[in-house]
Amino acid sequence: MKKTVDEEEQIIDKLQSKMYMQIERCKIDLQKDPSNPNLHVRLGDLYMKWHLDIYNSGRYVDEAITEYQLAMESLLDSHEIYYKLGSAFYYKGDLDKALKYLTTALEKKHDYYNAYYMIAETFIKKAHFTDAIDAAIAATQCTKFGSSGAHHLLYKLYDASSFRDNKLKFRATIERMLAFLLLPFDKIAISNVLRSISYLAFLPVFISGFYAVQFKDYGKAIQIYKDTIEKAPGFAPLYCVLGDIYLSTGYFEDAITEYKMAIWLDSFNIAAYKHLCHAYEEQGDYNQAIEVYNKLIAMAPNIPDLYSNLANIYYIKGEFDLAISNYQTAIILNPNRTWTSVIAQTLGFVYQENKTDPDAAISAYQTAYVLTPEDIDIYVNLGSAFYDKEDYHNALSTYRQALELQPHNAKIHCNLGFLYWGKGETEEAMKSYKLAIKYNENYDIAYNNLGVIYLDDLGLINKSIELFTKAIESNPSYALAYFNLARATSITGDKVEAAKMYQSAQEINKVTQEIDPKDIADKISELFES
């Protein structure tokens, strides 16, 4: 492999040396004839060619712009010089100037294929995908045979948004066929294909990096890719894999930088967009993640998980209406029953817990039920929503249906206990809580709730203390159990021990926020008032 790499580097050195000699020769000719616009264009073209070489990316675009501007002084009516300037500004990243010059090129020549094509590329970089499609279509109408590149661009645009849209899939297929059939007549497209084939030279690098990652030698993998990027700074996949390593090792800022570079070099790199969103989320920068997701959705509007991921971020930010809207869109796109059922349940949870809308929650849970009636969690959630609505009949019916599927499910028995308790049917509630504990010996909630019944309804203090203690043993971070244990302990007259329990509840509650802090403070005060 060492020989292959050395040979590759020798070839690259020869090509760069040849390019350098051509540029120097052009400079010498300009010294003899400094006002010759054609020589300035030639030199600008050489600089652009060198700039676009993946082994020298990002180094010579300013020089190209300078030469084109010098040429334009004598070529004010040339559509081609405006196109070249527009393209140069595109590669520099000044997209507004790029559009300005490319539009001027079309004013000089209204059916100029190259200008329409570059306008489409520019709109893609600006995430204006509808405008990009219009420009690409206009490009195909400028020439019958030399439009392979524009058709390939349309294929990528249609394909990105064709998820579960058969019409767009068909259009994407047609555009791909046209791009292939017209390839022999499009010199630019041919050069792009040849460039893509040349990327096979990087296969040994990817293999070396892959094995380094498999053996968790991340430092070595990072160095392999960084060294290769120094040699080939215009090859987008290198930035992606380097970003993935940074992301997996927690270096989020570095990962974000690499993904941004990959996207800049390849505007259709959906994987880089998704990973960039993930990096922003891991970093806690939700606003940036939202911005990138919206760009992704504009590019690929029919991919449902983009909406569900975006909804999750809005939920974390507390923007529940936007979360609901995006969950609903994800459900409408409906890629498969199981996935959609999960999203519908999540939507129901948001309605129930954050919007206090049990009717909407019930509707969402019922949608999930239709999709996956075997999912026991749906019954639990649906029964809870009926309970919140005070529709105890349907809540009871739902839980009984669930028990037919899983008679030993502790959570359902616990929810049934809560339902009976709310209805005032204490005996039935106790039976259900005892069954919940029978099927899950560490069920903290069942211990606590049963303990409250023994304490408040039956007045059996010692039994309640035993149950609250069990709840705490099952879950040492259960603030409510400490609170109830303190209540029971205070009745026995041990105020010091009760105070300790209240203080434990107070400390834990700062994190879990199960109880109104005022309630705990009031109880502590009451201990020492009498």
Side-chain angles (χ1 to χ4, degrees), residues 37 40-54 56-73 75-143 146-147 149-154 156-157 160 186-189 191-192 195 233-234 236 260-269 272-273 291 295 298-299:
H40 283 295
V41 171
R42 170 64 177 158
L43 184 54
D45 289 346
L46 288 170
Y47 277 130
M48 279 306 302
K49 185 177 180 181
W50 207 358
H51 174 79
L52 294 176
D53 184 347
I54 62 170
N56 286 288
S57 181
R59 298 181 184 179
Y60 302 103
V61 69
D62 287 324
E63 288 85 345
I65 288 171
T66 298
E67 296 303 324
Y68 289 145
Q69 288 173 331
L70 289 169
M72 191 174 64
E73 294 175 4
L75 302 171
L76 288 174
D77 292 325
S78 169
H79 61 277
E80 189 173 3
I81 194 64
Y82 288 101
Y83 159 73
K84 289 178 182 293
L85 264 169
S87 299
F89 277 113
Y90 166 85
Y91 288 111
K92 185 179 180 180
D94 193 337
L95 303 180
D96 290 330
K97 279 189 178 180
L99 284 174
K100 174 186 173 183
Y101 281 108
L102 292 168
T103 301
T104 304
L106 287 175
E107 291 172 0
K108 303 295 181 183
K109 184 181 180 183
H110 70 276
D111 60 346
Y112 191 21
Y113 167 83
N114 289 347
Y116 276 120
Y117 177 83
M118 282 307 301
I119 286 174
E121 291 276 21
T122 306
F123 277 132
I124 289 171
K125 278 245 189 304
K126 288 172 72 70
H128 297 173
F129 300 107
T130 301
D131 292 330
I133 288 173
D134 291 341
I137 290 173
T140 63
Q141 294 170 348
C142 293
T143 175
S147 58
H151 284 294
H152 185 66
L153 207 58
L154 283 170
K156 292 196 291 184
L157 285 161
D186 189 334
K187 292 181 179 179
I188 296 176
S191 66
N192 289 336
R195 186 183 302 115
K260 283 183 175 179
M261 280 301 303
I263 290 167
W264 175 250
L265 293 168
D266 179 5
S267 302
F268 278 100
N269 198 328
Y273 274 109
E291 182 179 331
K295 286 183 179 180
M299 183 192 306

Nearest 0.5 Å please: distance from the [atom1] atom of [X] over to the [atom2] atom of [Y].
X: Asp131; Y: Leu99; atom1: CG; atom2: CG; answer: 9.0 Å
X: Tyr90; Y: Lys125; atom1: OH; atom2: NZ; answer: 3.5 Å
X: Ile81; Y: Thr104; atom1: CD1; atom2: OG1; answer: 12.5 Å
X: Leu75; Y: His40; atom1: CG; atom2: NE2; answer: 10.0 Å
X: Glu80; Y: Lys109; atom1: CD; atom2: NZ; answer: 9.0 Å
X: Thr143; Y: Gln141; atom1: OG1; atom2: CD; answer: 12.0 Å

### Task
Compute whether any side-chain donor of one residue and acceptor of the other, for Tyr116 and Asp111, lie under 3.5 angstrom apart.
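Not at all, the side chains of Tyr116 and Asp111 share no donor-acceptor pair under 3.5 Å.
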Taking all heavy atoms of [X] and all of [Y], pick out the closest pair and write down the distance.
X: Val61; Y: Ala88; value: CG2-O, 3.2 Å
X: Asp77; Y: Lys108; value: OD1-NZ, 3.7 Å
X: Ala115; Y: Leu102; value: CB-O, 4.0 Å
X: Ala136; Y: Ala120; value: N-CB, 3.8 Å
X: Gly149; Y: Ala189; value: N-CB, 4.0 Å

Main-chain N/O of Glu107 paired to Tyr112 side chain as donor or acceptor, under 3.5 Å:
no
Sub-3.5 Å donor-acceptor pair from the side chain of Tyr113 to the main-chain atoms of Ala150, do we have one?
-> yes
Do [X] and [Y] touch side chain to side chain, with heavy atoms closer than 4.5 Å?
X: Leu70; Y: Glu67; result: yes
X: Tyr273; Y: Met299; result: yes
X: Tyr60; Y: Lys49; result: no
X: Leu106; Y: Ile119; result: yes
X: Asn269; Y: Trp264; result: no
X: Lys126; Y: Asp96; result: yes
X: Tyr68; Y: Met48; result: yes
X: Tyr47; Y: Leu43; result: yes

Can you confirm whether more than 12 heavy atoms, excluding those of [X], are under 6.0 Å from its [atom1] atom?
X: Lys156; atom1: NZ; answer: yes
X: Lys100; atom1: NZ; answer: no
X: Lys295; atom1: NZ; answer: no

